[in-house]
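Before any comments, here is the structure.
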Amino acid sequence: MKTIVLKHLLVWVFLSIGYFFLTEPLVKFLFPGFYDVSIWLVAMIGGLVFIFLIMIIVLIINIVRHKQRQKASS
């Protein structure tokens, strides 16, 4: 089970780093002509929270599946 948590943590770190570098082009695409640091921060924080919540949901689903497989095999 530790490997499941570690894999999800690493995926979250890589997705967060990727999103950090893609936030500025995303803000330029979504809000052309409105470049402000506050818009970038809102997009950054919102995106990171969204990625975190998705990763937590997927982690919980995988842990439950892992426990069910262990019960079925024993």
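If you chain together hydrophobic residues whose side chains sit under 4.5 Å apart, Leu6 and Ile4 never meet in one group. A continuous path of ILVMFWY side-chain contacts below 4.5 Å connects Phe31 to Phe29, so both sit in one hydrophobic cluster. Cluster annotation: Leu9 and Ile17 are assigned to the same hydrophobic cluster (Ile/Leu/Val/Met/Phe/Trp/Tyr, side-chain heavy-atom contacts under 4.5 Å, transitive). Clustering ILVMFWY residues whenever any of their side-chain heavy atoms sit less than 4.5 angstrom apart, transitively, puts Val49 in a cluster other than the one holding Leu26. By the criterion of side-chain heavy atoms lying less than 4.5 angstrom apart, applied directly or through intervening Ile, Leu, Val, Met, Phe, Trp or Tyr residues, Ile63 is not grouped with Leu53; the two fall into different hydrophobic clusters.
When side chains are defined from C-beta on, Met55 counts as touching Leu15, because their heavy atoms get closer than 4.5 Å.
Going from atom CG of Leu48 over to atom CD1 of Ile45 covers 8.0 Å, rounded to the nearest 0.5 Å. Here Tyr19 contributes atom OH and Phe50 contributes atom CZ; the two are 10.0 Å apart, rounded to the nearest 0.5 Å. Separation of atoms CG (Leu41) and OG1 (Thr23) is listed at 10.0 Å; rounding is to 0.5 Å. Here the straight-line distance linking atom NE2 of His8 with atom CD1 of Ile61 works out to 9.0 Å at 0.5 Å rounding.
Within the structure, every pair that satisfies the ring pair (Phe, Tyr, Trp, His ring centres under 6.0 Å) test and touches residues 52-74, not counting sequence neighbours, is listed here: Trp12-Phe52.
Residues Met44 and Phe20 approach most closely at CE-CD1, 3.1 Å, considering heavy atoms.
Leu22 belongs to no hydrophobic cluster, as no Ile, Leu, Val, Met, Phe, Trp or Tyr side chain comes under 4.5 Å of its own.
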